Amino acid sequence: MQLRYATNLAVDQYIDRKAWRDAKLDYCPLHPKGGCRFAKHGTYPRKFPDGVKIARWYCPDGSATFSMLPDCLSSRLPGTLVEVENIINQIEKSSSQEAAAENIRLDISLPSALRWMRLRLFLIRLTLTLLIDLVTSLGDCQPTVSSFRSVLGIEFVLPRLRMLASPYLDILPPPLGFGPRPEAKKSKKYHYQHKTGTDPP
Ligand SMILES: [Zn+2]
């Protein structure tokens with residue numbers, strides 16, 4: 001289970017200070033009254049960015065692991081929220097998704113780059129749309145990064161939204177929230193095609 005490690009450290013500062021050592025989880029989220037064998041369970045590394053570690057706890061009685069994700073990092077996607085925000089911002093400013101892809105991912109083919117970008121765009125647009133409904137102070141925003149930036153008056157909105165959305169993180173999709181990744185249309189289409197393909201004529 002992912003939990004929020006509230007910190008305004010940028011990822012470089014988080015790594016330099018080894019700030020995962022300062023993460024605190026005072027009681028077991030499954031047994032807040034105590035009585036279980038909840039204990040610190042070391043750290044685990046993330047591949048991106050290099051050097052990042054996440055503090056972890058474990059409750060053997062609930063067979064559950066709890067990791068404290070700092071506000072700078074994406075959940076269920078590699079890298080940071082600022083990196084995701086930069087991608088969405090580039091897509092919003094580009095004349096087309098194809099044009100944006102040429103600036104964002106030169107290392108992979110165009111179809112792969114578009115798929116990579118569209119997953120992030122889909123997840124962030126959905127998250128921003130939900131937040132407009134959930135958080136009163138965001139009610140005047142449009143579901144774009146540029147609109148959230150101008151309403152909040154800050155350069156990077158996603159790390160701040162991790163904070164503003166903290167009561168809703170369990171229901172919001174990644175990379176901002178800690179909820180499940182929603183089924184994209186593509187997988188439904190796949191199931192549909194698969195079904196029709198295997199049905200007898
Ligand atoms: Zn417990």
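The basis for the numbers below is simple: all heavy atoms, side chains too, and nothing from hydrogens, waters or symmetry mates. What you see is a predicted model, and the numbers here were worked out from it, not measured in a lab.
The shortest distance between side-chain heavy atoms of R181 and L119 falls below 4.5 Å. No side-chain heavy atom of I154 sits less than 4.5 Å from a side-chain heavy atom of F148. Taking 4.5 Å as the limit, some side-chain heavy atom of L69 sits within range of a side-chain heavy atom of R162. Taking the side chain as every heavy atom from C-beta outward, V145 and I91 never approach each other to under 4.5 Å. Contact check for L164 versus L152: side-chain heavy atoms found under the 4.5 Å cut-off. In this structure, N89 and R149 have side chains that are in contact, with non-hydrogen atoms separated by less than 4.5 Å. Using a 4.5 Å heavy-atom cutoff, the side chains of F66 and L25 are in contact.
Geometrically, R118 does not engage W116 in a cation-pi contact, judged by NZ or CZ lying under 6.0 Å from the ring centre and within 45° of the ring axis.
With a 6.0 Å radius and a threshold of 12 heavy atoms from other residues, nucleotides or ligands, Y27 has its OH atom at or below the threshold. With a 6.0 Å radius and a threshold of 12 heavy atoms from other residues, nucleotides or ligands, K93 has its NZ atom at or below the threshold.
For Y5 and W20, the ring centers are positioned 6.0 Å apart or more.
Between W57 and F38, the angle of the ring planes stays under 30°, which puts this pair in the parallel group of the 30/60° scheme.
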**OP:** Could you please spell out the steps behind the side chain to side chain contact (heavy atoms under 4.5 Å, CB included) verdict for M117 and F122?
**Re:** CA-CA 9 Å; M117 280 168 33; F122 166 72; over 6 Å; no
Subject >> side chain to side chain contact (heavy atoms under 4.5 Å, CB included) evaluation trace for I124 with V84 >> reply: CA-CA 9 Å; I124 294 300; V84 174; 3.8 Å; yes
Original post:
Going through the distances and angles, do T80 and F48 end up as a side chain to side chain contact (heavy atoms under 4.5 Å, CB included)?
Top reply: CA-CA 8 Å; T80 65; F48 303 103; over 6 Å; no
Original post:
What's the verdict on side chain to side chain contact (heavy atoms under 4.5 Å, CB included) for Q97 and L114, showing C-alpha distance, side-chain angles and the deciding distance?
Top reply: CA-CA 7 Å; Q97 292 187 355; L114 285 171; 3.9 Å; yes
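Comment: R160 does not engage E155 in a salt bridge, judged by the lack of any side-chain N to carboxylate O separation of less than 4.0 angstrom.
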